[in-house]
Amino acid sequence: MRKVYLDRTELTGAINVNLKDTEVIPAGTTIYPMSAHDKNEEYQKYANDYDIQFIFDDDIPHLEFYTVPYVDIMAKDSKGGYIGTVGKQCDLKSEASICYINRDLECLIISENVKDFLSNIGTWQENLKPYDKITVYRSKAEAETELEFIDLSVR
């Protein structure tokens, strides 16, 4: 079966691509910022107690990497790493795995889903395990040298 990759960084909302004998894999890295109006002591507690700094729309970092499959970043830590959901947009009810991409662009798994992550939040850094289901590239251009991307732009 042929594999093609769909860049999620420019797309918002649901997209359905159906190609015969082809697996379409969402790719790219996006940021899921929360409204700065939602900043409160609870989020500050996560930053202070667990080194999880949720991303708000008044301070969105610039990502210098590109993932395959798609990762949606929701938080960062003081070591220059990022926390995100694999293959789906961040959602507290999601069954998506939670990953950590460190500053050396190594990907580690934190937990199998958000519920597990939140129930073990105090030890998330000790629970990191190597995760080979995500490839981290320095850019989309680098990914394009190895992978076939589908272009959905209207001509």
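Quantities reported herein were computed from a predicted structural model and do not represent experimental measurements. We're numbering straight along the sequence, starting at 1.
Counting heavy atoms from C-beta on, the side chains of R138 and L105 come closer than 4.5 Å. You'll find the side chain of M74 reaches within 4.5 Å of the side chain of I98, heavy atoms only. Counting only heavy atoms from C-beta outward, the side chains of S111 and N120 never approach each other to under 4.5 Å. E106 is not listed as a side-chain neighbour of V136, based on a closest heavy-atom distance of 4.5 Å or more.
Judged purely by atom type and a 3.5 angstrom limit, T22 uses its side chain to pair as donor or acceptor with the backbone of K20. Under the 3.5 Å distance criterion, the side-chain polar atoms of T123 are left unmatched by any main-chain donor or acceptor of E126. Counting only distance, with no hydrogens or angles, the side chain of N113 and the backbone of A96 share no donor-acceptor pair below 3.5 Å.
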Would I25 and K3 count as a side-chain contact (heavy atoms from CB on, under 4.5 Å) here? Give the steps. CA-CA 7 Å; I25 300 164; K3 288 184 179 182; 3.8 Å; yes

Would you please test S139 and F65 for side-chain contact (heavy atoms from CB on, under 4.5 Å) and show each step? CA-CA 5 Å; S139 66; F65 57 88; over 6 Å; no

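Of the inter-residue distances, the one linking Q125 atom CD with I110 atom CD1 reads 8.5 Å to the nearest 0.5 angstrom. Going from atom CG of L147 over to atom OH of Y66 covers 8.5 Å, rounded to the nearest 0.5 Å. F117 contributes atom CZ, which lies 6.5 Å from atom CH2 of W124 (distance to the nearest 0.5 angstrom). In this structure, I73 CD1 and F54 CZ are separated by 12.5 Å, a value rounded to the nearest 0.5 Å. With rounding to the nearest 0.5 angstrom, the CD atom of Q53 is 9.0 Å from the CG atom of D59. Note that OH of Y82 and CG of N102 are 12.0 Å apart. Values are rounded to the nearest 0.5 Å.
Under the side chain to side chain contact (heavy atoms under 4.5 Å, CB included) rule, Y100 has a single partner from I109, D77, N127, which is D77. Across I31, T29, T85, V86, a single residue satisfies side chain to side chain contact (heavy atoms under 4.5 Å, CB included) together with D72, and that is T85.
Shortest non-hydrogen contact noted between S78 and D51 is OG-OD2, 2.8 Å. Taking both residues in full, the closest heavy atoms of D116 and E112 are given as OD2-N, 3.8 Å, listed atom of the first, atom of the second, then distance. Across every non-hydrogen atom of I134 and C107, the tightest pair is CD1-SG, 3.7 Å. Shown here for G28 and T9, the closest heavy-atom pair between the two residues is CA-CG2, 3.9 Å. Across all non-hydrogen atoms, the minimal contact from D57 to A36 is OD1-N, 2.9 Å. Across every non-hydrogen atom of V71 and C99, the tightest pair is CG1-SG, 3.8 Å.
For E148, the CD atom is densely surrounded, since the number of other residues' heavy atoms within 6.0 Å is greater than 12. Annotation for N40: atom CG counts as buried by contact number, over 12 foreign heavy atoms lying within 6.0 Å.
Hydrophobic clustering (ILVMFWY, side-chain heavy atoms < 4.5 Å, transitive): V68 and L108 are in distinct clusters. Follow the hydrophobic side-chain contacts under 4.5 Å out from Y32 and you never reach I60; the two are in separate clusters. Cluster annotation: V114 and M34 are assigned to the same hydrophobic cluster (Ile/Leu/Val/Met/Phe/Trp/Tyr, side-chain heavy-atom contacts under 4.5 Å, transitive). L128 and Y50 end up in the same hydrophobic cluster when Ile, Leu, Val, Met, Phe, Trp and Tyr side chains are linked at under 4.5 Å.
The aromatic rings of Y5 and F149 sit tilted relative to each other, their planes meeting at an angle between 30° and 60°.
At a threshold of 4.0 Å, the pair K140-E144 counts as salt-bridged, since one of the basic side-chain nitrogens sits closer than that to a carboxylate oxygen.
A donor-acceptor pair shorter than 3.5 Å can be found between the side chains of T30 and Y70.
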